[in-house]
Amino acid sequence: MSEYTKEVNRRKTFAIISHPDAGKTTLTEKMLLLGGAIRSAGSVKAKKSAKFATSDWMELEKQRGISVTSSVMQFEYEGYKINILDTPGHEDFSEDTYRTLMAVDSVVMILDVAKGVEAQTKKLFKVCRDRGIPIFTFINKMDRFGKEPLELFEEIEEVLGIESTPVNYPIGMGPTFKGVYDRFTKKIEYYADGENVGTQQVEDYDDLQKQLEQTADQATIDQLIEDLMLLDEAGNEFDMESVTNGNQTPVFFGSAISSFGVPTFLEHFLEMAPSPSSRESTAGTIDPTDKEFSGFVFKIQANMDPSHRDRIAFLRICSGKYEKGMTTYLDRTGKQMKLAQPQQFFADSREAVEEAYAGDIVGLYDPGVYQIGDTVCGNKDIFSFGDLPQFAPEHFAKVRPKNAMKHKQYIKGIQQLAQEGAIQVYRTPHFEETILGAVGQLQFEVFIYRMQAEYGVELVMDRLSYQVARWVTKGEIPEKAMRTSTSMVVKDYVDRPVILFKNEFNLEYFQNQNEDIDLSEKPPRN
Ligand code: G4P
């Protein structure tokens, strides 16, 4: 086996998706603890508040109880190299999340046993389905009373449209929760007083029943055996191929807060989840074990460390091996670039990367050369992995700095945050007024907050009543259409013409009147 194959096979790159409060932070933390990446529980949360002390906009995140940034965490566990990509749990930040999901090989979906499939889970899940990403389900908070497992499977199948197969099954729940039974290894894992109190191998259901008599009440045991038999007879048979294709989700139960069920979950997950696989590009299929280096930028984040004012482009490696100081080429510009000092992210630190393989995420210092969706190639035969999904803004507002003296910082902030993809920025042609476009309302709030916290600029904002933006990709906009009561022509940050319409009807009318003009929902890449 080549060094490349060995390294690629031991990599697992995944994201955890959930509705806020289902337990994503807690599960992530327990995994990091298992991998020795952090030493004490509470570190991830503590880190949240430590960050908030240095970067004020995190305060907004805390106030709203949401996570607005995605981060990357890498650790080793039992020979595996694990990359966890965090996804923001709020729907307004879906764009960032969607792009992050393009950079993973599998997804862990957490459901709160009491809540089942919630709105945000549904949205995120759809993206995974569209991409055919394998999905693993962790049903959390079994120490609390919730929905019956069979009801949850039905919900997963009906609402999400994916088959489910439980790998383990809960023994009671809430006050009667006694642990889980592993249907694959025939092992009981006992839970008592918020702890894992041991495991036991059983022969068959008779034996299982007998062993449980010491700990669980008869009704719980009867229900368990009945459910298990029903699943054996009428449940979906586990099928690895269906899991790999994203048509079946293995389901696990646990209580993340006490780490109960987390090690077992991780072990099964690491065995079943795919390692980095091949990706399509303009040069055909790129295999992760190809020697030629390649990757794509899926996220750019400014001011990760406010004291340095740096900007990081997150690169998902798709093939080859990163070596220190290597020379690469950017697909969009054809320019040669030295990858200077890329970094890898650990739970509580960043470190310079010595070497990295397909599946790894490295952070590149970005002096303003990268754009989201860029492909980075290891040699002159440049190819491209294609565009990442973009979403048309539906909310618009005009902004200006409250204090005209702050103009310089204002321009800098607007430019940097636009490049990061935090918001769309347009200008009116004559007066050069700034117009912002957002996919969700909350994006405005975060933008205002960050402009103040990171650039010291207080903004005045007026909401505009446009709902649709279209890039003009072909044709000249006629003079009489330049400014009407239902549309406005603006320029994006690289001077491409964009028309804002009040609604879909106005857009349609414009198209009918101007058939020689091509309009696009997405900005053209250049
Ligand atoms: P999120 O990142 O998905 O938003 O969820 P997070 O892990 O922050 O968990 C949300 C709340 O649920 C937290 O409580 C957390 O302690 C609790 N929780 C997580 N896993 C379990 C579990 O297995 N059982 C029970 N009973 N609770 C769980 P909180 O009160 O909001 O925060 P905290 O004060 O406990 O930190």
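Count residues from 1 along the sequence. As the structure lists them, so they are numbered: ligands from 1, and atoms in each ligand from 1.
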- Using a heavy-atom cut-off of under 4.0 Å, does the side chain or the backbone of K141 touch ligand 1, or both, or neither? both

- Note on the structure: A student comparing D143, I110, D112 should find that the heavy atom closest to atom 26 (N) of ligand 1 comes from D143

- Message: Please check whether G23 reaches ligand 1 - meaning an N/O of the residue sits under 3.5 Å from an N/O of the ligand, judged on distance alone.
- Response: yes

- Message: Counting only nitrogen or oxygen atoms and a 3.5 angstrom limit, does P20 reach ligand 1?
- Response: no

- Item | For K24, atoms of ligand 1 separated by under 4.0 Å from a heavy atom | 1 (P), 2 (O), 3 (O), 5 (O), 7 (O)

- For Q248, the side chain to side chain contact (heavy atoms under 4.5 Å, CB included) test, sequence neighbours excluded, returns E163, T165, N236, F238, D239, S242, V243

- Proximal atoms of ligand 1 relative to S18 (non-hydrogen, under 4.0 Å): 3 (O)

- Under the side chain to side chain contact (heavy atoms under 4.5 Å, CB included) rule, collect the residues that match up with Q211, sequence neighbours excluded. I188, Y190, Q200, V202, D207

- Logged contact type for D21 with ligand 1, heavy-atom cut-off 4.0 Å, is both

- Item | ligand 1 N/O within reach of I257 N/O, cut-off under 3.5 Å | yes

- Message: For K81, is there an ion pair with E7 - N to carboxylate O distance below 4.0 angstrom?
- Response: no

- Message: If I compare all heavy atoms of F14 with all of V104, which pair ends up nearest, and what's the gap?
- Response: C-CG1, 3.7 Å

- Task: May I ask you to check if K299 and F314 form a cation-pi contact, with NZ or CZ under 6.0 angstrom from the six-membered ring centre and within 45° of the axis?
- Result: yes

- Task: May I ask you to test the D105-K12 pair for a side-chain heavy-atom distance under 4.5 Å?
- Result: no

